[in-house]
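Residue numbers start from 1 in every chain, and the chains themselves are labelled A, B, ... in the order their sequence lines are given, proteins ahead of strands. Only this structure's heavy atoms are used, side chains among them; waters, hydrogens and symmetry mates stay out.
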Protein chains: 2
Amino acid sequence: MTNKIRIGLVGYGNIGKGVELALEEFPDMEGIAVFTRRNPEDLDSKLKAISLDHILDYQEDLDVLILCGGSATDLPGQGPALAKHFSTIDSYDNHNQIPEYFETMDQSAKAGKNISIISVGWDPGLFSLNRAVFESILPAGETYTFWGKGLSQGHSDAIRRIDGVKFGVQYTIPVETALEEVRSGSNPTLSTREKHKRVCYVVAEAGSDQNLIEETIKTMPDYFEPYDTTVHFIDEKTFKEEHQKMPHGGFVIRTATSATGNKQKAEFQLELESNAEFTSSILVAYARAAYKFKKDGKSGALSVLDVPPAYLSPKSAAQLRKELL
Amino acid sequence: MTNKIRIGLVGYGNIGKGVELALEEFPDMEGIAVFTRRNPEDLDSKLKAISLDHILDYQEDLDVLILCGGSATDLPGQGPALAKHFSTIDSYDNHNQIPEYFETMDQSAKAGKNISIISVGWDPGLFSLNRAVFESILPAGETYTFWGKGLSQGHSDAIRRIDGVKFGVQYTIPVETALEEVRSGSNPTLSTREKHKRVCYVVAEAGSDQNLIEETIKTMPDYFEPYDTTVHFIDEKTFKEEHQKMPHGGFVIRTATSATGNKQKAEFQLELESNAEFTSSILVAYARAAYKFKKDGKSGALSVLDVPPAYLSPKSAAQLRKELL
């Protein structure tokens with residue numbers, strides 16, 4: 001019998017693996033099992049691997065499920081089905097569909113008397129939290145979000161589909177002059193394209209036409225054509241040494257004016273060597289919050305905007321007041 | 001009859017004046033009256049000024065009181081006395097006494113079925129919030145707080161008490177090399193003294209000994225002696241043009257390591273032309289949260305760590321999810 005918060009993982013991709021690792025840094029929490037649609041024997045996890053078909057047998061053994069699947073195909077079905085039986089955390093990030101997903105999750109979670117915290121991560125997630133706090137405390141201003149420097153999986157995939165490309169990655173990078181303009185408090189109107197540039201590192205196949213590859217990248221509609229795009233050709237050794245990580249980060253900046261005309265600026269920054277590991281760590285901290293809400297007798301869906309900061313911490317409210325206020 | 005959140009101010013110093021101004025930027029909230037221990041006729045406020053002796057006559061007219069007094073002498077008495085009759089917000093910032101003040105406020109607020117959110121501002125306050133979130137989501141790391149560039153009222157007062165000083169201000173400034181060392185992720189051990197330097201601007205009386213003034217400042221125990229202190233003598237015109245504002249700001253930085261050794265960094269920054277106006281604006285936003293907690297039927301003392309971000313906003317939960325997630 002454990003006093004730890006007992007966590008089940010659903011799915012074992014980048015995020016599932018990240019959650020398993022992150023749990024090592026949360027001593028009050030314990031990974032119990034990974035549930036998978038694959039053959040459980042194929043999973044290289046230290047946790048017990050169990051077929052997702054049998055998950056309902058584990059209701060008494062788990063406090064919170066962390067849903068590690070993707071927003072496109074996994075979560076829309078899995079989320080509402082599992083929220084009827086377990087408290088859940090997910091990183092649903094299909095922005096336009098969030099209100100609808102929330103309603104579905106809310107109904108399921110309430111039916112099962114569970115808590116489901118949706119869209120947890122850093123954007124949506126911590127960035128949303130900062131946008132909400134910033135606009136609430138500084139009403140007369142503008143909020144800006146920049147992403148990067150970070151590896152974009154979708155854009156890297158697009159490069160790799162081009163003929164003659166052996167390996168390729170794309171980094172989204174904030175435009176420094178746009179950042180400075182925002183920080184100056186001049187409240188510029190900036191599109192996503194004006195705030196970010198795209199830098200690509202490509203290993204070409206022997207004998208391929210590098211000019212053609214570069215041209216194909218730079219003229220790719222939506223992905224690269226509207227952006228200031230740079231393409232660097234590098235050798236395979238450099239690629240493997242320098243471009244295997246998944247860094248990311250970004251900025252939320254609000255500049256505002258007080259009623260007497262004073263300029264006030266609040267800024268939140270992330271700089272991450274591993275995007276997936278950071279998202280995973282956030283998911284685990286919010287699983288702790290879900291556990292506390294459930295103990296309070298609450299049920300239904302929540303977002304990060306509904307979670308008091310103290311609920312993320314293993315410390316008591318009194319300890320937090322003493323140490324952090 | 002108003003549908004706005006009705007705010008009473010207690011005290012009319014820098015913060016009280018700031019709250020009156022900040023309320024202009026919160027269209028869902030309304031300042032009703034200022035309560036003062038002075039002669040109400042002496043107050044230069046657009047709001048109705050009323051003797052603090054009569055505040056209990058206004059229980060039906062106010063939703064939340066913002067206590068604008070100081071932590072040394074005003075709040076320890078006023079807070080618990082008023083929390084029995086009104087929901088309150090205060091900026092109590094005597095760090096060592098916060099646990100005891102919280103308990104006293106909690107008893108009073110519960111007795112009166114009110115909500116009291118204590119120690120609201122930016123430190124304690126928003127900085128505490130970020131420290132709590134950062135250490136919860138990145139457990140294996142270190143958190144650093146830097147203050148400045150900012151005007152320190154206490155240090156400026158100390159300068160002005162020196163013989164021969166006509167005007168004087170002191171700015172606390174983060175040491176750039178210390179900031180960079182922290183951001184590098186090297187987890188240095190740094191005292192407050194090592195993280196900050198002190199820069200003073202002084203207007204000397206005609207005929208006074210500037211060398212003696214500079215020496216007196218730099219050797220003042222606790223205030224300046226332990227710090228890298230610079231003293232600039234300027235003329236009165238420059239002083240009045242460039243040193244009348246109360247800028248402040250600072251940084252909360254957490255550097256951490258994931259279970260696989262990746263470096264992760266989160267940072268929160270403030271840069272404020274008016275410290276008092278920013279603190280006032282935060283107090284007003286948390287008054288909105290106190291109003292919501294009270295409507296929920298809750299009572300007792302809370303800190304910023306207990307407040308969900310959504311409670312600070314005038315927007316509905318659904319609108320926030322749609323716009324900010």
Side-chain angles (χ1 to χ4, degrees), chain A residues 18 21-22 24-27 95 98-99 102 119 124-126 128-133 135-140 245 249 258-260 262-274 277-278 281-282 284-285 288 303-310 312-314 317-318 320-322 324-325, chain B residues 18 21-22 24-27 95 98-99 102 119 124-126 128-133 135-140 245 249 258-260 262-274 277-278 281-282 284-285 288 303-310 312-314 317-318 320-322 324-325:
Chain A
L21 285 163
E24 294 175 16
E25 294 188 330
F26 290 75
H95 287 265
I98 283 175
F102 179 90
S119 302
L126 294 188
S128 321
L129 189 165
N130 279 282
R131 288 189 284 257
V133 172
E135 71 169 35
S136 300
I137 60 174
L138 292 170
K245 290 199 174 186
S258 76
T260 64
N262 282 308
K263 285 186 178 176
Q264 317 279 42
K265 180 162 70 72
E267 180 165 343
F268 178 70
Q269 303 182 355
L270 289 175
E271 193 179 322
L272 312 168
E273 281 189 355
S274 171
E277 289 179 354
F278 186 64
S281 197
I282 300 174
V284 175
R288 191 187 270 141
S303 81
V304 299
L305 303 178
D306 303 307
V307 178
L312 301 177
S313 176
L320 285 171
R321 283 193 297 271
K322 189 174 159 64
L324 299 183
L325 276 184
Chain B
L21 285 164
E24 294 175 15
E25 294 189 331
F26 290 74
H95 286 266
I98 283 175
F102 180 90
S119 301
L126 293 188
S128 322
L129 188 166
N130 278 283
R131 287 190 284 259
V133 172
E135 72 170 35
S136 299
I137 61 174
L138 291 170
K245 288 200 175 187
S258 76
T260 63
N262 282 309
K263 285 186 179 175
Q264 317 278 42
K265 180 162 71 73
E267 180 164 343
F268 177 69
Q269 304 181 356
L270 289 175
E271 194 178 322
L272 312 168
E273 282 189 355
S274 170
E277 289 179 353
F278 186 63
S281 197
I282 300 173
V284 175
R288 190 187 271 143
S303 82
V304 297
L305 304 177
D306 304 307
V307 178
L312 301 176
S313 176
L320 285 171
R321 284 193 297 270
K322 189 174 159 64
L324 299 183
L325 276 184

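Of the atoms belonging to Ser303(B), it is side-chain heavy atoms, and not backbone ones, that fall under 4.5 Å from chain A. Heavy-atom distances place both the backbone and the side chain of Phe268(A) under 4.5 Å from chain B. Using a 4.5 Å cut-off between heavy atoms, Ala132(B) touches chain A through backbone and side chain atoms alike.
Heavy-atom pairs under 4.5 Å with chain B peak, among Pro314(A), Gly18(A), Ala317(A), Ser274(A), at Ser274(A). Chosen from Arg321(A), Glu24(A), Arg288(A), the residue pairing most often with chain B at heavy-atom distances under 4.5 Å is Arg321(A). Among the candidates His95(A), Arg131(A), Lys265(A), the residue making the largest number of heavy-atom pairs closer than 4.5 Å to chain B is Lys265(A). Put simply, of Ile98(B), Leu129(B), Thr260(B), the one with the most heavy-atom pairs under 4.5 Å next to chain A is Thr260(B). Comparing Glu135(A), Lys245(A), Lys322(A) by heavy-atom pairs within less than 4.5 Å of chain B, the highest count is held by Glu135(A). Your options are Pro139(A), Pro124(A), Ala285(A), and the one with the most heavy-atom pairs under 4.5 Å with chain B is Pro139(A). Most heavy-atom pairs under 4.5 Å with chain A, from the set Leu320(B), Val307(B), Ile282(B): that is Val307(B).
Here CD1 of Ile137(B) is found 12.0 Å from CD of Glu25(A). Values are rounded to the nearest 0.5 Å. To the nearest 0.5 Å, the span separating CG on Leu270(B) from CD on Glu267(A) amounts to 10.0 Å.
Across Glu277(A) and Gln264(B), no two heavy atoms sit closer than the pair CB-NE2, 3.9 Å. Here the closest heavy-atom approach between residue Ala310(B) and residue Asp306(A) is recorded as CB-OD1, 4.1 Å.
Between the side chain of Ser281(B) and the backbone N or O of Leu138(A) there is no donor-acceptor pair closer than 3.5 Å. A donor-acceptor pair is defined here as one N or O able to donate and one able to accept, closer than 3.5 Å; no such pair exists between the side chain of Ser313(B) and the backbone of Ser136(A). Formation of a donor-acceptor pair under 3.5 Å by the Glu271(B) side chain with backbone atoms of Ala266(A) is not found in this model.
Counting only heavy atoms from C-beta outward, the side chains of Leu325(B) and Val304(A) approach each other to under 4.5 Å. Residues Phe278(B) and Ser258(A) have side chains not in contact (no heavy-atom distance under 4.5 Å, counting atoms from C-beta outward).
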